[in-house]
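Report on the following structure.
Whatever order the structure lists ligands and atoms in, that order sets their numbers, starting from 1.
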Amino acid sequence: MSDFWQSASAYPFFLLLFSLLLWAIFGPLAAALGFALGLAWWLLHHLRHLGALLHWLALPEQRAMPEGAGLWEDVFSSLNQMMRVHRQERAEHLADLQQMEQATAALPEGVVILDAADRIEWCNPLAEQHFGLDSNVDIGQQITYLARQPEFVEYLAAAEARQPLILRGTRQDDVVLSIKLIAYGESKRLLISRDITQFERLENMRRDFVANVSHELRTPLTVVNGFVETLQDMQTRDSDMAQRALQLMGEQTHRMAHLVDDLLTLSRLENDQHPLHEEVVDVCGLLDEVGQEGRLLSHGRHRLELHLDCAVNLRGSRNELRSAFANLLSNAIRYTPDGGSIDVYWSLRDGQAVFSVRDSGIGIAPQHIARLTERFYRVDRSRSRETGGTGLGLAIVKHIALRHQAKLEIASEEGRGSTFSLLFPGKRSVLASG
Ligand code: ADP
């Protein structure tokens with residue numbers, strides 16, 4: 001403060017001294033004139049700086065800080081300093097805000113902030129997806145106008161948030177959401193939504209799987225048991241009946257063994273603790289073996305041809321690849337009537353190593369294709385059984401594909417044939433030298 005008064009009084013003090021000097025030399029009139037002129041200049045000096053300050057204050061972000069002299073120099077430099085601090089704080093807040101936005105966008109759950117009247121105050125992108133909201137237009141809207149399912153409205157109305165609500169069909173597709181309400185602050189609520197579609201599907205599959213396994217095992221067991229009892233009751237064991245029963249027992253137990261083998265293979269493939277055994281596989285050699293087995297299975301009933309590009313090898317598990325290729329080839333043989341043709345291809349296509357089996361068989365109607373890799377899913381149950389299928393082949397192929405980052409593609413037309421392809425990523429192909 002004392003600095004201010006010192007600086008502020010310096011000019012009037014010198015002006016007074018100067019005027020007194022004028023008085024002494026030229027008399028009072030000259031002194032009064034000199035004093036008045038000095039005061040006028042002083043006033044003008046302040047008005048000019050005040051004007052500059054007002055001009056800058058009108059658009060402080062765009063205009064440069066004016067230059068000042070005397071006391072005004074201090075005023076402007078203090079203001080400049082304040083502006084700098086303010087800009088820095090704003091940049092920091094903006095960065096914090098952006099970080100918050102990024103964090104909420106990355107949340108694996110949808111979040112909506114509701115006010116006391118259930119109007120949307122804010123929502124993250126995932127919540128927009130879950131409830132079909134658009135934060136540009138729906139902020140301020142009552143959420144029950146936008147998501148109208150009765151059970152959802154009822155859940156919101158219930159004062160106490162209980163168990164999470166499982167909500168189906170919030171949008172056109174089959175998304176299943178788990179919804180939870182959390183009260184916070186003064187009568188505000190957080191609506192948390194989680195997409196559990198995949199989880200539900202998995203749970204259903206797991207449940208079906210157990211049921212199917214018991215079902216699949218029960219039939220052959222009943223047959224074997226029945227015949228065993230018959231055999232025990234029979235007087236002569238070398239009769240034709242006994243022979244027939246024994247033959248059927250043999251077939252059924254063989255089928256059971258096959259089923260159990262496939263189940264074990266599947267559970268091994270599903271087990272995360274069981275890492276992929278990687279090696280460079282000579283695919284040509286492997287497919288020659290698989291082809292020979294295919295010919296044995298076909299018994300000359302089909303024309304079977306291999307079209308192999310032997311320059312391409314694959315990094316992966318030989319046993320697993322053999323199982324996947326053999327499964328696809330055996331399906332082609334089993335679902336192609338006698339006289340049909342089967343072609344096996346192995347080549348590089350757009351940088352990807354591709355294995356495919358094309359058959360001229362019975363084909364598959366489009367509605368079944370998406371479900372073929374589910375365990376025990378069969379288009380024609382009896383045909384699958386007759387040909388010795390377990391209903392697990394394609395589930396095994398899918399798992400092996402997943403473990404090799406490959407994609408299983410199925411193209412088929414009912415009555416005309418199918419093509420099953422495995423597309424391996426470029427990083428897995430190894431070009432044979434020489
Ligand atoms: P399965 O042991 O019954 O053959 P898979 O898992 O190998 O079991 O195949 C599932 C179902 O997909 C089969 O039951 C069959 O209906 C269908 N399918 C598989 N491959 C073919 C094919 N090449 N042509 C026609 N249908 C096929």
In chain order, what residues pass the side chain to side chain donor-acceptor pair (under 3.5 Å) check against D343, with sequence neighbours excluded?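 Checked D343 against side chain to side chain donor-acceptor pair (under 3.5 Å); matches are R303, H307.
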Would you say [X] touches ligand 1, if touching means a heavy atom closer than 4.0 Å?
X: R334; value: yes
X: G391; value: yes
X: F420; value: yes

Identity and separation of the nearest protein heavy atom to [atom]:
atom: atom 21 (C) of ligand 1; result: Y335 CD1, 3.5 Å
atom: atom 16 (O) of ligand 1; result: V379 N, 3.1 Å
atom: atom 3 (O) of ligand 1; result: S384 OG, 2.6 Å
atom: atom 26 (N) of ligand 1; result: I364 CG1, 3.4 Å

Go through ligand 1 atom by atom and flag the ones less than 4.0 Å from a non-hydrogen atom of [X].
X: T390; result: 2 (O)
X: G389; result: 2 (O)
X: R378; result: 3 (O), 14 (O)
X: Y377; result: 10 (C), 11 (C)

Between the side chains of [Y] and [X], is the shortest nitrogen-to-carboxylate-oxygen separation below 4.0 Å, so that they form an ion pair?
X: R428; Y: E278; result: yes
X: E92; Y: R87; result: no
X: R295; Y: E293; result: no
X: D115; Y: R189; result: no
X: E386; Y: R383; result: no
X: R315; Y: E279; result: no

Ligand 1-proximal atoms of D359, by part, heavy-atom distance under 4.0 Å: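 The answer is the side chain.
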Minimum distance, heavy atoms only, to atom 20 (N) of ligand 1: which one of N331, N327, I342, V357 is it?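 Of the listed residues, N331 has the closest heavy atom.
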With respect to atom 6 (O) of ligand 1, which of D262, L394, I410 exhibits the smallest heavy-atom separation?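 Looking at heavy atoms only, the winner is L394.
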Backbone or side chain, does any N or O of G393 fall under 3.5 Å from an N or O of ligand 1?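 So ligand 1 has an N or O lying under 3.5 Å from an N or O of G393.
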Using a 3.5 Å cut-off on N or O atoms only, is L372 in polar contact with ligand 1?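 No - when backbone and side-chain N and O of L372 are compared with those of ligand 1, no distance drops under 3.5 Å.
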Please round to the nearest 0.5 Å and tell me the distance separating atom CG of D359 and atom CG of L328.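 If we round to the nearest 0.5 Å, D359:CG and L328:CG are 10.5 Å apart.
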Stepwise ring pair (Phe, Tyr, Trp, His ring centres under 6.0 Å) test for F355 and Y345: CA-CA 6 Å; F355 166 83; Y345 299 90; 9.5 Å; no
List the residues meeting salt bridge (charged side-chain N to carboxylate O under 4.0 Å, His left out) with E289, not counting sequence neighbours, and say none if there are none.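 Testing E289 for salt bridge (charged side-chain N to carboxylate O under 4.0 Å, His left out), a comparison that skips the adjacent residues, returns R318, R322.
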